[in-house]
Amino acid sequence: MDDSGSQFADVIVGFKFLGYSDQPPPGTKFDAYCGDSVYTKVTQRYSEDPALKQKQSLVLRAIEEGKGEIADYAKSVVKRILAAQLETCWRLGASYDLLNWESQVVHSGMWERVFAMLKENGIVKLETEGDNKGCWVIPDPDTGEQKVVVRSDGTAVYVAKDIPYAAWKIGLVADPFGYELYQAAQPNGSELRSTVLSGGSRTDDFAGADQSISVIDARQAYLQKIVAKVLESMKGGSSARYLHRGYEVVALSKSTAQGLGFRIEGEFAHMSGRAGLYVNVDTVLDRLGERARSETRKRNQKEPDEWVSDVSEAIAVAALRYELLKQDPDRIIVFDTEEALKLQGDTGPYLQYTYARARRILDKTEGTPQISEESASMMKTKQEARLVKKLSALDVGVARAGEFLSPREVAKFAHELAVSINDFYESVQVNREPNPSLRDARLALVDAASRVLAQSMSIIGVPRRSRI
RNA sequence: GGGCCCGUAGCCUAGCACGGAUUAAGGCGUCAGCCUUCGGAGCUGAAGUGGCCGUACCCCAGAAACCAUGGGUUCGAAUCCCACCGGGCCCGCCA
């Protein structure tokens with residue numbers, strides 16, 4: 001949780017010094033209100049009145065010290081923003097095990113200890129001349145360039161917060177944190193804990209992982225390389241235990257940017273919080289949900305509204321998650337609002353539809369199918385053979401996903417399986433098959449297929465319903 | 001100046017990490033089909049290029065597409081290497 005950055009400080013400036021209400025208008029989430037409205041306005045005020053910047057540094061200092069009225073107020077705002085953001089995460093079916101706070105990393109004293117170790121090993125040195133005079137720097141042996149880690153005024157720069165955090169993850173520094181319960185049960189039933197600097201209980205559930213994988217924006221690749229290099233040079237450290245899984249950003253298509261009132265040059269534009277050029281997850285989900293709702297209603301005239309709402313939300317989440325997951329993480333995703341609203345073709349809802357179709361066959365079946373080697377061998381069409389073969393490949397997809405740190409391998413598998421199921425569905429009859437042995441064999445195949453599909457969907461977090 | 005990523009059909013993408021089985025695989029869009037049906041959010045099929053101002057049809061040309069482009073390695077390259085073009089990103093005593 002980035003609770004000590006300047007962007008967050010700007011929001012506090014807005015509430016404390018510019019008189020913006022800290023209550024969002026009805027129907028607006030608090031995080032969206034802070035980001036869309038307060039933050040943008042404060043940034044604008046800075047450009048009109050540069051003196052306001054002093055308030056920002058005042059707030060930053062107060063947060064840094066962690067004591068006093070402003071700091072306490074800031075903490076309460078952080079909690080409210082976090083609560084709103086968790087709501088969105090949970091809506092997407094994501095959950096966490098532990099909350100980490102940047103401010104706690106800073107206050108934990110880990111940096112001081114790591115810094116001492118780095119000095120001892122000669123990884124960092126005090127520059128005595130040139131532009132960086134008076135700074136502690138890490139020299140790059142390859143390029144000869146220097147990365148400043150401690151400013152000439154003695155304060156630490158951004159990477160200097162990341163280094164101890166990374167070291168903590170793989171256990172190169174003693175764990176300074178206590179752990180306490182933050183939320184007993186998230187929607188998936190698991191508990192959510194938070195680090196604390198005083199109190200809490202000790203646990204070795206989190207710090208000192210054998211392998212840490214940091215999923216961070218590709219633009220941070222250079223800094224992450226520095227972090228990995230520093231870890232490698234520490235006692236017991238190795239860069240192999242700290243991996244950076246980079247991913248390219250999501251940008252906005254020309255037409256989507258124009259829809260937000262921006263005129264852009266090229267084919268797409270990078271999002272910018274400062275400029276207000278971005279789309280919120282909740283907004284996208286809402287719009288997807290609307291489209292899904294009308295489609296669902298069309299197909300299910302008699303169902304109660306509540307049922308339709310639940311299904312539409314599941315479809316919206318499936319569409320968004322699958323869309324983002326199926327793509328190459330090294331490629332910029334150009335997000336287009338219209339394009340993203342697709343519910344047909346190679347999409348999350350296609351998986352859901354396929355699952356529901358398979359379930360439907362099983363629901364219309366009475367009794368348990370009896371299957372034998374003999375009846376199984378009665379399935380002779382190429383569609384049946386392909387489906388059987390496909391079923392056995394789930395673990396291959398999962399293994400590849402692990403090997404390449406790429407969950408989309410599972411997404412690809414799920415899609416291919418769904419294609420095989422639909423192909424099967426169109427080419428053979430199950431419940432109408434007159435030969436009872438063959439019918440049972442096919443039923444067993446449908447049952448197996450629906451279970452493997454369910455499993456792969458749950459791995460990639462695509463929700464499913466037995467009817468949609 | 002240094003470094004990283006991307007470039008595949010009208011559009012979006014898969015395949016590249018380990019070079020070889022295919023006609024380079026899907027989706028969207030377009031056109032034509034499939035509902036007395038276990039669900040049509042599905043399935044099946046079609047569309048190479050150039051010329052005639054444009055479109056449809058016809059006609060004509062043409063051994064005749066292909067992974068940005070050009071080389072290289074190889075028996076074999078979308079995949080490996082080099083170069084080059086285009087797009088994006090990073091290189092701060094910001095975070």
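Just so it is clear, the values below take in all heavy atoms, side chains as well, and ignore hydrogens, waters and symmetry mates. So you know, we letter chains A, B, ... as the sequences are listed, proteins then strands, and number each from 1.
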Legend entry - Residue A:Lys342, side-chain heavy atoms: nucleotide from B:G27, B:G39, B:C6 that is nearest: B:G27
Legend entry - With sequence neighbours excluded, residues passing ring pair (Phe, Tyr, Trp, His ring centres under 6.0 Å) with A:Phe177: A:Trp168
Legend entry - C1'-based separation of B:G20 from B:C60 [nearest Å]: 40 Å
Inset, instruction - Could you list all the ring-ring contact (aromatic ring centres under 6.0 Å, His included) pairs where at least one residue sits in residues 327-352 of chain A, not counting sequence neighbours? - result: A:Tyr350-A:His415
Legend entry - Rounded distance in Å - CZ (A:Arg360) to P (B:A41): 13 Å
Legend entry - Other residues, nucleotides, ligands: >12 heavy atoms within 6.0 Å of A:Glu265 CD: no
Inset, instruction - Would you verify whether the NZ or CZ of A:Lys169 falls within 45 degrees of the ring axis of A:Tyr242 while also being under 6.0 Å from that six-membered ring's centre? - result: no
Legend entry - Integer angstrom distance from the P of B:G51 to that of B:A46: 26 Å
Inset, instruction - Decide yes or no on salt bridge (charged side-chain N to carboxylate O under 4.0 Å, His left out) for A:Asp305 and A:Arg297, but give the supporting numbers first. - result: CA-CA 9 Å; A:Asp305 280 347; A:Arg297 179 47 88 197; 2.7 Å; yes
Legend entry - Residue-phosphate contact under 4.0 Å: A:Arg357 side-chain N/O, B:G39 OP1/OP2: no
Inset, instruction - Examine the side chains of A:Tyr247 and A:Asp217 and answer whether a donor and an acceptor come within less than 3.5 Å of each other. - result: no
Legend entry - A:Asp162-A:Gln224 side chain donor-acceptor pair, cut-off 3.5 Å: yes
Inset, instruction - For the residue pair A:Gln370 and A:Asp440, confirm or rule out a side-chain donor-acceptor distance under 3.5 Å. - result: no
Inset, instruction - Remember a base hit wins even if backbone is also touched, and classify A:Val428 as base, sugar-phosphate or nothing at under 4.0 Å, heavy atoms. - result: base
Inset, instruction - For nucleotides B:G26 and B:G86, find the distance between their C1' atoms and express it as a whole number of Å. - result: 26 Å
Inset, instruction - Indicate, with a heavy-atom threshold strictly under 4.0 Å, whether A:Asn431 touches base, sugar-phosphate, or nothing. - result: base
Inset, instruction - For A:Thr354, answer base if it contacts any base atom (sugar-phosphate contacts may also be present), sugar-phosphate if it contacts only those atoms, and nothing otherwise; contact means non-hydrogen atoms under 4.0 Å. - result: nothing
Inset, instruction - With P as the reference atom in both, quote the distance from B:U79 to B:A9 in angstrom, rounded to an integer. - result: 15 Å
Legend entry - Rounded P spacing from B:G72 to B:U13 in Å: 32 Å
Legend entry - salt bridge (Lys or Arg N to Asp or Glu O under 4.0 Å) contacts touching residues 405-420 of chain A (sequence neighbours left out): A:Lys390-A:Glu416, A:Arg400-A:Glu409, A:Glu409-A:Lys412
Inset, instruction - Check the side chains of A:Arg439 and A:Asn431 for a donor-acceptor pair under 3.5 angstrom, ignoring hydrogens and angles. - result: no
Legend entry - Geometric class of the A:Phe30/A:Tyr33 ring pair [parallel <30°, tilted 30-60°, perpendicular >60°]: tilted
Inset, instruction - Kindly say if A:Tyr247 contacts the phosphate of B:C6, meaning a side-chain N or O under 4.0 Å from OP1 or OP2. - result: no
Legend entry - Rounded P spacing from B:A77 to B:A65 in Å: 16 Å
Legend entry - Close side-chain approach of A:Asp447 to A:Pro369, heavy-atom, < 4.5 Å: no
Inset, instruction - Please work out if A:Glu102 contacts a base, only the sugar-phosphate, or nothing of the nucleic acid, heavy-atom cut-off 4.0 Å. - result: sugar-phosphate
Inset, instruction - Select base, sugar-phosphate, or nothing to describe what A:Ala356 touches, counting heavy atoms under 4.0 Å on all strands. - result: base
Legend entry - Footprint string (nucleotides 14-20 of chain B, 5' to 3'): B base within contact, S backbone only, - free, heavy atoms under 4.0 Å: SS-B---
Inset, instruction - Ignoring backbone atoms, establish whether A:Tyr350 has a side-chain N or O less than 4.0 Å from OP1 or OP2 of B:G42. - result: no
Inset, instruction - Pick the P atom in B:G3 and in B:G92, then give their distance to the nearest Å. - result: 15 Å
Legend entry - Sugar-phosphate, base or nothing in reach of A:Leu362, heavy atoms under 4.0 Å: nothing
Inset, instruction - Assess the side chains of A:Ser4 and A:Trp101: does a donor N or O sit below 3.5 Å from an acceptor N or O? - result: no
Inset, instruction - With C1' as the reference atom in both, quote the distance from B:G27 to B:G15 in angstrom, rounded to an integer. - result: 15 Å
Legend entry - Runs of at least three consecutive pairs that involve RNA chain B, where pairs are Watson-Crick or G-U with distances under 3.5 Å: B:1-7 with B:85-91, B:10-13 with B:25-28, B:30-34 with B:42-46, B:49-51 with B:59-61, B:69-72 with B:80-83
Inset, instruction - For nucleotides 86-93 of chain B, just jot down a letter per nucleotide in 5' to 3' order: B, S or -, based on protein non-hydrogen atoms under 4.0 Å. - result: --SSSS-B
